[in-house]
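Inspection log for the structure reproduced underneath, given as structure tokens.
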Amino acid sequence: MNDQEKIEACKRKKVEGNLLFKNGKYRRAGKKYDKALDFVSGDIPFGDDDLKLVESLRVSCWLNTAACCLKLLDFHRAVNLCSKVLDVESSNVKALYRRAQAYMETADLHLAELDIKKALETEPQNREVKLLQKSLKQLRAESNKSDAQIYTTMFSRMTKDGSTATKRLKIDNVENNNKPLEEVIAMELEETAVSSQPPEEGVAVDSS
């Protein structure tokens, strides 16, 4: 196949993929896009006159395959495909938008925010990106609330466990030594104060 034939074959496979995508057959559509990419692979040399068109076809197929991956919940591949697009077109809004969607699904909220901000710098009035930004804010708020609840529970449990252990130690000391509780507490405070004193100069500290 010459260059023109490869380009036409790529276009046909891409159209077939588009039809499958519209019918909800995302896995088959993705395979068509992959096949289309085979005809315009970077390993195949093209003449200077065709390079711009070939690059445009690659970008389009990468984006379409990424859309299939999002539908199929293959978020990591969606990120990789969008990153390929952005290596060629650093401000491609569709790639930034779809990669941000994938990042949100993998809980990489900071990376999603960076992509959304860059997309809005390119197209400030893009409605879909604005809606995604709103969804990200809600997701971040829910994540922060969940984290706060987890940390509160952990701190409460640690504090409770520590308090219980301290009380048990004091009770054991009283029961085993038949000493008043006040005397045990005083002894513990005295031992803590002594242990916190720095070693005297010239005295070797045992590091074992």
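- Residue E5 forms a side-chain contact (heavy atoms from CB on, under 4.5 Å) with just one option from I7, D3, N2, and that option is N2.
- If you chain together ILVMFWY residues whose side-chain heavy atoms come under 4.5 Å of each other, L131 ends up in a group of its own.
- Here the CE-CZ distance, from M1 to F39, works out to 5.0 Å after rounding to the nearest 0.5 Å.
- The two residues C82 and A66 make their nearest non-hydrogen contact at SG-CB, 3.8 Å.
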Stepwise side chain to side chain contact (heavy atoms under 4.5 Å, CB included) test for V40 and F46: CA-CA 9 Å; V40 291; F46 284 90; 4.2 Å; yes
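- L70 shares a hydrophobic cluster with L73, F75; the chain of contacts runs through ILVMFWY side chains whose heavy atoms sit under 4.5 Å apart.
- Remark: Q125 engages K130 in a side-chain hydrogen bond (donor to acceptor under 3.5 Å, both in side chains) (not counting sequence neighbours).
- In this structure, OG in S91 is found 8.0 Å from CD in E121, a value given to the nearest 0.5 Å.
- Hydrophobic cluster membership differs between L86 and W62, with clusters built from Ile, Leu, Val, Met, Phe, Trp and Tyr side chains linked at under 4.5 angstrom.
- Across all non-hydrogen atoms, the minimal contact from K32 to E16 is NZ-OE1, 3.0 Å.
- Applying the salt bridge (Lys or Arg N to Asp or Glu O under 4.0 Å) test to residues at least two apart or on different chains, the pairs with a partner in residues 100-120 are R99-D115, E113-K117, E113-R140.
- Judged as a salt bridge (Lys or Arg N to Asp or Glu O under 4.0 Å), the pairs with a partner in residues 64-83 (not counting sequence neighbours) are, in order, D34-R77.
- The nearest pair of heavy atoms linking A112 to A100 is CB-O, 3.6 Å.
- With sequence neighbours left out, the side-chain hydrogen bond (donor to acceptor under 3.5 Å, both in side chains) criterion links K14 to S60.
- With values rounded to the nearest 0.5 angstrom, K84 atom NZ is found 15.0 Å from E89 atom CD.
- Hydrophobic side-chain contacts under 4.5 Å tie M104 into a cluster, directly or through other members, with V93, Y97, L109, I116, L120, V129, L132, L136, L139.
- The main-chain N or O of D38 is never found under 3.5 Å from a side-chain atom of S41 such that the two would form a donor-acceptor pair.
- Atom OG1 of residue T122 and atom CG of residue L96 lie 6.5 Å apart, to the nearest 0.5 angstrom.
- The list of salt bridge (Lys or Arg N to Asp or Glu O under 4.0 Å) pairs with a residue in residues 18-28, not counting sequence neighbours, is empty.
- With sequence neighbours excluded, the residues satisfying side-chain hydrogen bond (donor to acceptor under 3.5 Å, both in side chains) with Q4 are D50.
- Clustering of Ile, Leu, Val, Met, Phe, Trp and Tyr side chains at separations under 4.5 Å places L72 together with F21, Y26, Y33.
- We find that E55 and K52 are not joined by a salt bridge, their nearest charged nitrogen and carboxylate oxygen being 4.0 Å or further apart.
- Partners of Q133 according to the side-chain hydrogen bond (donor to acceptor under 3.5 Å, both in side chains) rule, which considers only residues two or more places apart in sequence or in another chain, do not exist here.
- For K94, the side chain to side chain contact (heavy atoms under 4.5 Å, CB included) partners two or more places apart in sequence, or in a different chain, are L63, N92, R98.
- Rounding to the nearest 0.5 Å places SG of C10 at 11.5 Å from NZ of K35.
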